[in-house]
K.L.:
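This is the structure I want to talk about, given as structure tokens.
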Amino acid sequence: MLDMKFIRENPDLVKQGIRNKGEKADVDGILELDEKRRTIIQQVESLKHERNEMSQEVSRLKKEGKPADEVISRTREISQTIKDYDEDLKKIEFSLKEMLDWIPNLPHESVPVGKDASDNVVIRAWGKIPEFDFEISGHLEIAERLDIIDFPRGSKVSGRGFPVYKGKGARLERALINFMLDTHSAEHGYREVFTPFLVNRESMYGTAQLPKLEEDMYLCQEDDLFLIPTAEVPITNLHRDEILDGENLPVRYCGYTACFRREAGSWGKETRGFLRVHQFNKVELVKIVTPESSYQELESLLKDATRILELLGIPYRVIELCTGDLSFGAAKCYDIEVWSPFEKRWLEASSCSNFEDFQARRLNLRFRRVPTAKPEFPHSLNGSGLATSRLMVALLEVNQTDEGSVMVPDVLRKYTGFPIIKREDY
RNA sequence: GGAGAGGUGCCGGAGCGGUCGAACGGGCGCGACUGGAAAUCGCGUGUCCUCUUAAUAGGGGACCGUGGGUUCGAAUCCCACCCUCUCCGCCA
């Protein structure tokens, strides 16, 4: 959510930002409602002032044993008027908030202006694109051959897009998660958290999945709880409605959760294999930081995420999203893409975003620099560090051998307990 | 799911329907005392909205779990909901 005061004072900047993001919002309508709101507030508050004084008057008269009937009946009338105004005000504030909820965050000035993904900018690449002197297989074929991931049975149990990991595949998945959590918590300074996978509506609103993305999420209607599409939601919401001590910033969390996405509206696209699934595993990084440090923190967040890929030896590149490809709440975002040798293309494995104070405002999350200071909104950031599904694709394809087996990267071996997954393994 | 208790400021904890933004204690901040500290004493200490103002500042309104209601007036009465705790039941 943007600051109403900011919109009031910089309407053109706001309009420009929205346009650059390719979103639509009725800024003028908002300004108009805001104006109306403040007019009514002035009226209703002066009436309330009057009422308060008259109530005191009643109290005084009664104490002195004098009749107060006349004042009481006059006050009654004022109260009725107030009630009417209050009702109008409530209606206006409701629609104003509704409109504000649909205003996206503005892109940071450093973000390249562009229309869609084709205007994104490659920042850097790491690792050598592997060459093979044999005919390579895709991740699906490898997984099937080694019997480590079972899509048909996942479909039977749940439906398409719910993979089942088996044997060494299950172990590899668990190893990846543990390896990432260990690295982030022990070496990158994040505090590990394990959060719920179901969250309430307020939490979804707080991190700005609602109202825009309701269609994309699984909802347990009976309890009005949503399955989380990312750990960003429960983790960032940990401090909703809190005022943090400035000395505790930056707050850094990492956490594993399963992630659930309906992927509504993406029928037919990449529906096979791991590229688009309804449930996947992800280790997420979340930071809550002072405003002046957030862009520096974004860079270090990106570095923490890419370090995982370097340790695993998976080639990747970093993309800076242009304004038009930026998500609703993000002010700036880097995508990390891993190389799929079989597909011969880059696959998105992580997004690292700075939300500035956009989420904090919705979350009512604030901090005090010193105990006596006024509360301010901190900046919040998050990034996948990383999603295992896309990682698994690259991992299997990059590390395949001409015998059809898969070598486990060195750093993972202490987690898997085995160095290779072979065809005859069970 | 059943029965009970409770939700008040940074924390603990009061609060006959009017003088309660809220006693009292603790914490925290400033000051005094001290060589310095402890102890002690004095003063102060919320958030949001809005108006005036260039700013400092000041005026007004709101906030005692949330939302309604009663009333001239509600932290205080009534209703609904949410949450926490205890006991019972069920259960991985």
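First the proteins, then the strands, lettered A, B, ... as listed; each starts at 1.
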K.L.:
Distance check, C1' atoms only: B:G31 and B:A22, in whole angstrom units.
P.N.:
27 Å
K.L.:
Give every residue pair that meets the salt bridge (charged side-chain N to carboxylate O under 4.0 Å, His left out) criterion with at least one member in residues 284-302 of chain A, sequence neighbours excluded.
P.N.:
A:Arg252-A:Glu297, A:Lys282-A:Glu284, A:Lys287-A:Glu297, A:Glu292-A:Arg369
K.L.:
So if I define the base as every atom that isn't primed, P, OP1 or OP2, how would nucleotides 58-72 of chain B read as a B/S/- string at a heavy-atom cutoff under 4.0 Å?
P.N.:
--BBS-----S-S-B
K.L.:
Whether the side chain of A:Gln359 engages the backbone of A:Thr207 through a donor-acceptor N/O pair (distance < 3.5 Å, no angle test) should be reported.
P.N.:
yes
K.L.:
Determine, for A:Tyr295 and A:Lys332, whether the Lys NZ or Arg CZ falls below 6.0 Å from the six-membered ring centre while staying within 45 degrees of the axis.
P.N.:
no
K.L.:
Test your reading of the model: is there a side-chain donor-acceptor pair from A:Thr257 to the backbone of A:Cys259, 3.5 Å cut-off?
P.N.:
no
K.L.:
Determine the interatomic distance between P on B:G18 and the same-named atom on B:C77; round to the nearest Å.
P.N.:
12 Å
K.L.:
Which pairs pass salt bridge (charged side-chain N to carboxylate O under 4.0 Å, His left out) with one or both residues in residues 230-245 of chain A, sequence neighbours excluded?
P.N.:
none
K.L.:
From NZ of A:Lys374 over to P of B:U56, roughly how many Å is that when rounded to an integer?
P.N.:
11 Å
K.L.:
May I ask you to verify if any side-chain N or O of A:Arg37 is less than 4.0 angstrom from the OP1 or OP2 atom of B:U50?
P.N.:
yes
K.L.:
Taking the C1' atom of each, how far is B:G73 from B:G17, in whole Å?
P.N.:
8 Å
K.L.:
Classify A:Arg201 by what it touches in the nucleic acid, base, sugar-phosphate, or nothing, heavy-atom distance under 4.0 Å.
P.N.:
nothing
K.L.:
May I have all residue pairs that pass ring-ring contact (aromatic ring centres under 6.0 Å, His included) and include part of residues 81-106 of chain A, sequence neighbours excluded?
P.N.:
none
K.L.:
Given 3.5 Å as the limit, does a donor-acceptor pair link the side chain of A:Glu397 with the main chain of A:His139, or not?
P.N.:
yes
K.L.:
Quick one: which residue pairs count as a salt bridge (charged side-chain N to carboxylate O under 4.0 Å, His left out) with a foot in residues 80-93 of chain A, not counting sequence neighbours?
P.N.:
A:Arg37-A:Glu93, A:Lys48-A:Asp86
K.L.:
When the C1' atoms of B:G9 and B:G27 are considered, how many whole Å apart are they?
P.N.:
13 Å
K.L.:
Counting Watson-Crick and G-U wobble pairs with both distances under 3.5 Å, what is the dot-bracket string for RNA chain B, 5' to 3', using [ ] for crossing pairs and | for pairs to another strand?
P.N.:
((((((((.[[[..)..(.....]]]((((((.......))))))(((((((....))))))).[[[[[..)....]]]]])))))))....
K.L.:
What integer distance in Å separates A:Phe367:CZ from B:C10:C1'?
P.N.:
18 Å
